[in-house]
Every structure is written in structure tokens, then in C-alpha cells.
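So you know, we letter chains A, B, ... as the sequences are listed, proteins then strands, and number each from 1.
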4 protein chains.
Amino acid sequence: MKKQQIQASVKDERLVEKRRDEMIKGAVSLFKKKGFHRTTTREIARESGFSIGTLYEYIRKKEDILYLVCDSIYDRVHTKFEQHKMDLEHGTLEGLKQGIRNYFRVVDELQDEFLVMYQESKSLTKETLPYVLQKEKEMALLLEKMLTRCVENGELFLSKEQVQLLSHNIVVLGQMWGFRRWVIQKMFTLDEYIDMQIDFLFNGILRNKNSENLEN
Amino acid sequence: MKKQQIQASVKDERLVEKRRDEMIKGAVSLFKKKGFHRTTTREIARESGFSIGTLYEYIRKKEDILYLVCDSIYDRVHTKFEQHKMDLEHGTLEGLKQGIRNYFRVVDELQDEFLVMYQESKSLTKETLPYVLQKEKEMALLLEKMLTRCVENGELFLSKEQVQLLSHNIVVLGQMWGFRRWVIQKMFTLDEYIDMQIDFLFNGILRNKNSENLEN
Amino acid sequence: MKKQQIQASVKDERLVEKRRDEMIKGAVSLFKKKGFHRTTTREIARESGFSIGTLYEYIRKKEDILYLVCDSIYDRVHTKFEQHKMDLEHGTLEGLKQGIRNYFRVVDELQDEFLVMYQESKSLTKETLPYVLQKEKEMALLLEKMLTRCVENGELFLSKEQVQLLSHNIVVLGQMWGFRRWVIQKMFTLDEYIDMQIDFLFNGILRNKNSENLEN
Amino acid sequence: MKKQQIQASVKDERLVEKRRDEMIKGAVSLFKKKGFHRTTTREIARESGFSIGTLYEYIRKKEDILYLVCDSIYDRVHTKFEQHKMDLEHGTLEGLKQGIRNYFRVVDELQDEFLVMYQESKSLTKETLPYVLQKEKEMALLLEKMLTRCVENGELFLSKEQVQLLSHNIVVLGQMWGFRRWVIQKMFTLDEYIDMQIDFLFNGILRNKNSENLEN
DNA sequence: AATGAATGAGATTTCATTCAT
DNA sequence: AATGAATGAAATCTCATTCAT
């Protein structure tokens, strides 16, 4: 799955990157408010600080902007993961918890961006959509790796299928924090949310019967 | 939160209902493929089997169609729940499992509709959106009731907050079956998916260590 | 110039007349508020107390309604003139004044109708417009006759051209009462207006120097 | 009463003025033939020499065009008055006559525009209509001033009310030249018309008995 | 004779994209 | 490299008119 190259008329690559960053910032802020379809290219140009003509020096179609936005979000997710130095190595339960915790924090920081990406990515065409879906899979893969390491280390007893499903579960429960913010974020702080979710993940609801003494 | 009344020019109420049903069916099938914004009113009219003029005898604005679609989906969800006779009464673990199982099956049956609703409902205006969000909350409430019954019966030991969070978790894990279908449904059958999710929910991942003998 | 016959599908002539009267009444009241173009046939039907289908049993095109309205207004003008028993016979100055007075009162009574007619008659087609313009001319002709009688009687010394122009002047000064109502009717009562206009007509502005003793 | 500002997307103000002038010219010529409602925006665009898209770069709603047309007509009227150097200063009868004469000539030159304005201005919305009506009043005010000057100078003996009414009379008798052109302009040349009207205004119909020797 | 559901031509308006400057 | 005026395809929505019942 190759990264889609968006053609620019401008040659100076450094300039291209700079302008596109401005564009993405402007676009995300508008998409958040009005969604991709309700946002016009003129608005994006104005919000980004240049003219409609200039905008089209750096992209070819409006959809390119959406692709750039989605792509940039994934980049930022990966960067954040790096910053949080997700401990993929140790394969301990504590490391796993820390990894999940970090993932939840990343989702919190980028919740607007995630919202935009999930609500609008269906507007991508056949050419760019697969690349974005691929990125989506990779996110689950990061968690899958951590889980697998724990299984290999004998810290967890899970089948390959269970690991795969679980990794998607965690991804989705993370996104839930952002997507259902209008109800969830009124009930819990981020830390409360994380603690409760990790408790549920590790112990389930039956085990809760006598899990008061479990660390979480 | 009152149900929004969509005005029709046609007087015959039975006819209005019939035509709107045709419209909703046509619209869902198109929204699935192209989303709300990419679908034109003319396409909806054609797909529904009548002319653009007739379409506008039964609605006033394009957005009305989206509202009708969302509303109809919730109606169908409720109806399906009824059909599956969700056992809210007993408050047993077995009843709870059955309830969750049923919910997952409903999501499976209506997965296209859910997808449309979640991706497009943000296109609703201030007047209609709250009604749809309310419906969304009610869905979680159904599950919350079942869980609460079990807690009251002493079958589960969960705080009020845990029950609330859990109900949202279940809602979201159900939707995940439809939303991530391009990866999840390639890995599991619906029954496998349900069994595994219920296992995770009840026992968590630690308990899995020695949960081979647990029925699920 | 023949009266245009508007075709009706319904045979019963008495019924046709009755329905058309209802139609005209409804239409005038709507045209007053919104003008011909902004008024829909559905609205006219509803205002007239029958269905759109029925409306079209009595006319063939929307424009027919406008024609019927214009025609009816002229009929009413003539009837009013009759009621006021315009004294065309005597050919005295006093009779002339009375005739003008009466005309002004008719304009006052039918000012809404006149307004509609003048603002909308240009929407008539080539076939019906000439008939309406003809009616317009006839109105001036009524006044022309009165003036001519006075000239013949030696009460006035006016050339044929002067009589013709004067008759149009009077027609227009009458309409002015209705057309500029938003300013004129705030300044004068109808009687004041009539008195002043007759004074001006008869004596002009120079004569006013020493016309205080003139009856008007 | 503030001049309504019509928003344009194009920034270059000189260009906006130029294009709008083209638009107004095109629109007036079409409104004359078909009226505001029967004229489509596409026709206006074509007649003005640019595309429909370009048209909407210079206005926002079709009604804006009507407003621009009305506004431009008043501007031209004022300009014409200036060109004719209406003699407001002297306050002589001769100056008054010259003023009236000039007004009649302006009406003649702009008769198409006046016709459009009077027939269509009711299609303006609540926001723009008052401004246009105000302009209408101002026209009468110009004549009122001239008359008042003569009264102050002792050249005329008229009450304040008489002056006000008279100014409206003159405005209306001017418009009559354009509005009843289909009959009046067949009977008289403009100069004949002016002479006769001034005679009537100054001397009335009674005074005509022995006014042959009066200059007019 | 009365009804009102159905129709579709046509109107206004938007907006992605181009291209001359 | 930057600008923004110009374009026109396409979208939504209206409404006069018809016709089966």
C-alpha cells in the first residue's frame, strides 16, 4: 500500500510542505465545525492565509485536502506514540497497561482530528481510501504487537484470534472517548475513564466480584 | 425531546407513510453507497420510484430525508429489540448474555443503516440533531437497565458508574461489528464474534488464563 | 376590441360565474399582498375555497385569473360610476365638478384593485393586454365626454387637444390618491384632497393669488 | 435611511462598478420587455455579456439586481437634474417653469427606467423597499423646494399644503408622459405636452377662457 | 363537477476548478 | 509563485398544469 503522492505545481519542496501544513491546519479547524462537504475550497484558502489560486498550486482536487488531512493525522498519531515511548519491548502486563494508557491519551489529544477523519474518510475516492484504511489497520497492529509480546512472554493466555479482536476492541474503546464525548466526558475525567476501561479489559465484569484488591 | 414533524403537502396520511417508506428505502441504499452529500435529491426520487416533484410533495428540504432515515432506523431498532423479546425481566447472567447477544444480532441486521446514521447524522440541523442524539442515548439505556437488574439481583457487583460505562462499551462493541466490517467480518462469523466478545466482557483477559472451562 | 372569452370545462354557466367571482375575490386579496407572480395557483384555490383541480375547471392558465381580475375591476368601476349617477347630461361646471368628485371617490373605494391592476397588467399576454388597455382608455373617455359637454355649452374654452389631455390628467390625479397613498393619505383626508385638486384644476396656481373668494 | 450595500465577491471596486453597470444596463433592457419576474438570472447574465457564475460574483440574490437598477435610476435622475442646472436659486416664475420643463425632459429620457422602477419596486424586500420609497419622496422634495422659493419671493400665493400637493402633482404628471405613452405620445410631441401642462398648472381651466395672451 | 396526487420543466444559486495576469 | 476573476456544471427546490378517480 503506497503512500499516495499529491501532485503540486510548485517545485520548491520545502515551500510545498510549509503551505500544506498551513492548509491542513486550516482545513481541520473548518472540517471540525462544518464537515468536509460543507466546507468550501475558498474557505480553506482564506483560513490558511492564502488565495484560492495559491491553494490550487499545492493540490489538484478538493479531495486531496481531505487525504492530506487524514494522512497528517496518522503521522501525528505515530509521532505521539513515539513521544510516549510506548513500551513494546518488555512484554509485561505493566508495560501493556502503560501502552494502552498512552494510546488513550493520544486519542484524547487528537480527538477533533479523529472525529474529522472518521466522519469524512468515506468521502475519499477509491484511490486514496485504501491507503487510509490501511493506516487504520496499522493502529490496531501496534496494539496487537504489544499483546502478542505478552502472550509470548507467558503473561497472557490468548489465542491469535483473541489477540486480534482485542486489539480492535482497545482501538474502538479509545475512539469512544472522543466520539461519545457529549455523554462520556460529562461522566468521567480522562483518568477515571482509563482506569475503569483497563479494569474491565483485564478483569471483566464477573471478576469484579472480588477484584477490589486488584491494582489497576 | 419531541419527535420532529416533517410537513407533507399530500393529505392522505396512509399514502404519506407509504411513500416515505419507499423514500427511506431508496435513500438508505444510496447513502450507503455515496453518503448523504454525494446523493442528489433526483437520485433519491428515481431510486424511490417517483419523480422529483413527487418527492417534494412528501418533504420540504433534502435534510428532511436524512431525518426520516435516522428516525426510521431507531424505530426499527426498537422493533427488532421487541421481536427478540429482550429479557429485561429476569436479571440473571444468562438473561444478560441473551440480551447482549440479541443486541449484536440487531446491529448485524441493520448494519448498513447504522453506518449511514453515524456518518451522516452530523449533517442534521440544530433542530433535528438533538432528537437523534437522544435516541442514541436511549439505546445505551436499554442495556443499562439490564445490567442494573443484574446488580440489584446480586448477580453482578458493579458501581453505578461502572454500569453506565459498560452499557456504552457494549453499544460501541456492537457497532464495531458493522463499522469495522472490512476487517472484523473477514476474521470472524457473527456467532464467533459474539461469543468472543461476551467472553471478554465477562471474564476479561487475565481471567482467561484459566477460563477454558467456562461456558460462553 | 372584443372581450376575451375564458374557456371553462364546466358547462353550467351560473356555476361558472359564481366560482369565478369567488376566485376573483380570493385572487385580488392575495395579489394585493404578494403580487401576481408571488401568488401561486394553489394559494388562490385555497383562498377561494376550493381545490386546485376545481380551479382549473374554470380557467385554463394562471394568467386567465389575472385577466378575470382586471376585467372585473373595470366592471366594478363602471358600476360605481353608475351608482354615483355621474351627471354627464347637464354640461355645467357644477356638474363637471360633481363628476370629478365622484370619480375620485370611486378610485378611493377601489384603490387596492387599481393598484393590483396597474402593477400586474403588464403580465398579461399579447392577446389579453390590448383589451385591458382599451378599458383604460374608456375611463379617460368618460371624463372627456363630460368636459366636451361643458365646452359645447360654452362653459369652458378648451381645444380638442386640451380636453383630451385634461381628461388623462384627471384620471392620473385620481390614481395618484391610491398609488401614493403612503405619503398623500398621510397628509390629507379624501375630501381635502378632492377640494384642493379641483381648485388647482380649475384655477391653476397663478389664479390662486386672488382666488380666495372662489367657491370650490 | 441608509443606502443598502450589495455585497460582491470580487474585490476590485472599479471592476465591481463596471460589471454592475453592464448588469444594470442588461437588466433594464430585459425588465422593460418582460418584467422582473419573467426575466431569468441567466438571461440577465447573457444580456450583460458574462456567465451566470460571473453574475453571482457581483450580487448575492436576484433581488439585488432589482435594487441596483432602482438605485441607479435615482442616481441618474439626480445627475440629469444637475446637468440641467435646475434653477433653484432665483425663485422666479420663469425659473420655476424652467425647472418643471427640465424635470419633464428627464422623465422623457429615462422613461423606460421609470416604468421598470414603478412596476417592479414592490418586488423588493422589506430591507430595500424603504430606501427606494425614500428616494421617491426626495424627487417630490426637489420640486417642493422650487415652489417654496417662489412663495417666499411673493411670486406665488400658496399654503404649505398646497405646495406639497402640487409638487406631487407635477411628479405624477411627469410620469404620466412615460406611463401612458401608448396614448399620450401618440397625441403630442414632448414640447407640446410640456407647454400644455405648464399652461394648465399655472392657469387652470377656467383662466383659459381669456388666457390666450399669457406667455407660457 | 370535484379532488388532489403526480409530474417535470425550469428557476435560482453554489462552488470546484482554471487561467490570464 | 501568487492572485482572484471567470466559468458553467450541477444541485436544490418550486409550481403551473394534468388526469385518474
Residue mapping more 5' on DNA chain E - nearest nucleotide basis, B:Arg19 or C:Lys11: C:Lys11
Nucleotide forming a Watson-Crick or wobble pair with E:dG8, both distances under 3.5 Å: F:dC15
Euclidean distance, atom NZ of residue C:Lys61 to atom P of F:dT18 [Å, nearest integer]: 11 Å
Atom pair distance, as rounded to whole Å: NZ in D:Lys62 and P in E:dG10: 15 Å
Pairing nucleotide - E:dA20, Watson-Crick or G-U, each distance under 3.5 Å: F:dT3
Test log, rule ring-ring contact (aromatic ring centres under 6.0 Å, His included), inputs A:Tyr118 and B:Tyr118: CA-CA 10 Å; A:Tyr118 278 91; B:Tyr118 279 92; over 10 Å; no
Residues touching DNA chain F, which here means a heavy atom under 4.0 Å, drawn from residues 47-60 of chain D: D:Phe50, D:Ser51, D:Ile52, D:Gly53, D:Thr54, D:Glu57, D:Tyr58
Over-ring placement of D:Lys62 relative to D:Phe36, 6.0 Å and 45° cut-offs: yes
Interface residues of residues 34-44 of chain C with DNA chain F (non-hydrogen, below 4.0 angstrom): C:Thr39, C:Thr40, C:Thr41, C:Arg42
Spacing between C:Glu63 atom CD and F:dC15 atom P, to the nearest angstrom: 18 Å
Flag if over 12 foreign heavy atoms under 6.0 Å of NZ, A:Lys25: no
Nearest-angstrom distance from the residue atom CD of D:Glu17 to P of F:dA5: 15 Å
Over all atoms of both residues, closest heavy-atom pair of D:Gly35 and D:Glu120: CA-OE2, 3.1 Å
Separation of atom CD in C:Gln7 from atom P in F:dT17, rounded to whole Å: 15 Å
Touch class at under 4.0 angstrom, heavy-atom based, for C:Arg46 against every strand present: nothing
Check: B:Tyr58 main-chain N/O paired with B:Arg20 side-chain donor or acceptor under 3.5 Å: yes
Side chain of C:Val10 - closest among E:dA5, F:dT17, E:dA1: E:dA1
Complementary nucleotide of F:dA9, counting Watson-Crick and G-U pairs under 3.5 Å: E:dT14
Over all atoms of both residues, closest heavy-atom pair of D:Thr39 and D:Phe31: OG1-CD2, 3.7 Å
B:Arg38 with B:Glu43: basic N within carboxylate O range, under 4.0 Å: no
Salt bridge flag under 4.0 Å for residues B:Asp64 and B:Lys61: yes
Test: B:Arg19 and B:Glu22 ion pair at under 4.0 Å: yes
Atom-pair distance (CG on D:Leu15; P on E:dT21), nearest Å: 13 Å
